[in-house]
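Notes follow the structure.
Order of the sequence lines sets the chain letters (A, B, ...), proteins ahead of strands, with each chain counted from 1. Note that these values count all heavy atoms, side chains included, but never hydrogens, waters or copies made by symmetry.
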Amino acid sequence: MNFNATLIGQLIAFVFFVWFCMNYVWPQLMSAIEERQKKIADGLAASDRAEKDLELAQQKATDQLKEAKAQAAEIIEQAKKRANKLVDEETQRGQSEREKIIAQGHAEIEAERNRAKEELRKQVAALAVTGAEQILKREIDANAQSDIVEKLVAEL
Amino acid sequence: MAKLNVKGLIRNATSFNLKFGFNEMAYDTTQDYINHHLTNAAMCSTENGIAFNKACADAGFWQWNVDTLAWSIGLGLLFIFIFRRVAKKATTGVPGKTQAFVEMVFEFVDDNVKSSFHGKSKLIAPLALTIFVWVLLMNLMDLVPVDLLPWIAGLIGQHAFGMDPADVYMKVVPTTSLNVTFALSIGVFVLIIFYSLKTKGVVGFTKELTLQPLPHWSMIPFNFVIELVTLLARPLSLSLRLFGNLYASELIFILIATIGFFQLPVHFVWAAFHLLILPLQAFIFMMLTIVYLSMATEEH
């Protein structure tokens, strides 16, 4: 229980252990831990940044999607308008074509009729002439004449 | 051998004054048993060369308690070995289990130092770490069953050196020795003086010792006595607290070992209690060291 030389030995050991710890243990552990702390801080900052980037990208994507939708709607609208216009135009063209064809038909029919009339007139004239000739050939007989006239009329 | 042990203990429980039966090691009385456990293995040099134990009875100061030295230095080397190995291999990435444990202790000490010591010093934190871990390891030797290591030492002494096992001493808890606790507190005391002189200068330190608490020239002797007591009480209380706690708990462990078979539950309870006491004492020693040194570096 007395103090003895052990005290000196213990003091030397104590000083040695503290010295060793101060030079070969503490700084290394400290630097390792600090470096890891820095790494973790960097990692956290990076993740924050990434999160912000993601948010931005999402925002951008949403915007683009909206824009694309608007564009698509516009294009569809235009296409519809164009289609309507085309249909209108075609209908109009068809109408006018029809009218033209009908008018042509009418004109042709008219011409044909006129020609037929002319022909008929000529034939009537000829018939009249022939009739007159036959009448003249026969004696003037009222009955005989009347049936000639009837015949003429029927031939008309 | 274990059988013999238990038999001896049971026999002992029935009659307190019966001989203790520890193999060939025998104690006449409980007193002998306790004394044997509380005696250091001593070494000294005499005219006839190096002598041991009882031959060193009148060696005076120049006696070395080899068991204390061996256990404390061995444990200190264990601390250094573990921490140095981790420090050398320390990765900044994901740490292994040993590294995580070492870093936990490290951060615990670092937090305490940072919260109590506001100056800048490269020494305080490693000092605190060394004190905490070293004292804790030395304290934890208290949990090793009191007879185990002395018994092994007795066997070694008997069979390897032909000694009488009763003459082989082995005190395994270094902090139950005043030499150890005073060595620690003297180291701290030297640092207190050093830091006081460093931050306050010789004049400042002298003023602090002589002009407080009553700042008048006529009160200088009174102040000096008071301040000197305050100053000296620090290392004294530091070492005596640790020594007193550990010596008492070791003594109780030894006493428990003498009550025979029923020592098992009692020992368990006492040991479980010391799972709290032993780290606490190490922590108190470290914390007070930090506080004293921070007081030494603070300007008034």
With chain A as the partner, which of B:Ile80, B:Asp110, B:Leu123, B:Leu127 has the greatest number of non-hydrogen pairs under 4.5 Å? B:Ile80
Could you look at B:Val190 and say if it's the side chain, the backbone, both or neither that has a heavy atom under 4.5 Å from chain A? neither
Do A:Arg93 and A:Glu90 sit within salt-bridge range, that is, some charged N less than 4.0 Å from a carboxylate O? yes
Pair count under 4.5 Å, heavy atoms only, with chain A: among B:Leu77, B:Val102, B:Val86, highest is B:Leu77
Quick one: does B:Gln99's side chain have a donor or acceptor within less than 3.5 Å of a partner on B:Thr91's backbone? yes
Per the side-chain hydrogen bond (donor to acceptor under 3.5 Å, both in side chains) rule, which among A:Lys39, A:Arg36, A:Glu34 passes with B:Thr92? A:Lys39
Please step through salt bridge (charged side-chain N to carboxylate O under 4.0 Å, His left out) for the pair A:Arg115 and A:Glu118, ending with a clear verdict. CA-CA 5 Å; A:Arg115 223 179 51 222; A:Glu118 200 66 28; over 6 Å; no
Counting only non-hydrogen atoms closer than 4.5 Å, can you tell me which residues of residues 4-28 of chain A sit against chain B? A:Asn4, A:Ala5, A:Thr6, A:Leu7, A:Ile8, A:Gly9, A:Gln10, A:Leu11, A:Ala13, A:Phe14, A:Phe16, A:Phe17, A:Val18, A:Phe20, A:Cys21, A:Met22, A:Tyr24, A:Val25, A:Trp26, A:Gln28
Between B:His36 and B:Tyr169, how do the two ring planes meet: parallel, tilted or perpendicular, split at 30° and 60°? tilted
Quick check for you: among B:Trp134, B:Trp64, B:Phe106, which has the greatest number of heavy-atom pairs under 4.5 Å with chain A? B:Phe106
So do B:Glu250 and B:Ile254 actually touch side chain to side chain, heavy atoms under 4.5 Å? yes
What residue in B:Ala183, B:Ala90, B:Pro126, B:Gly187 has the most heavy-atom pairs under 4.5 Å with chain A? B:Pro126
Highest number of heavy-atom pairs under 4.5 Å with chain A: which of B:Pro174, B:Cys44, B:Ala125? B:Ala125
Looking only at atom types and distance, does a side-chain atom of B:Ser116 sit under 3.5 Å from a main-chain N or O of B:Val113, one as donor and one as acceptor? no
Can you tell me how the ring of B:Phe79 sits relative to the ring of B:Phe83, calling it parallel under 30°, perpendicular over 60° and tilted otherwise? tilted
Charged N to carboxylate O under 4.0 angstrom, A:Glu55 versus A:Lys52? no
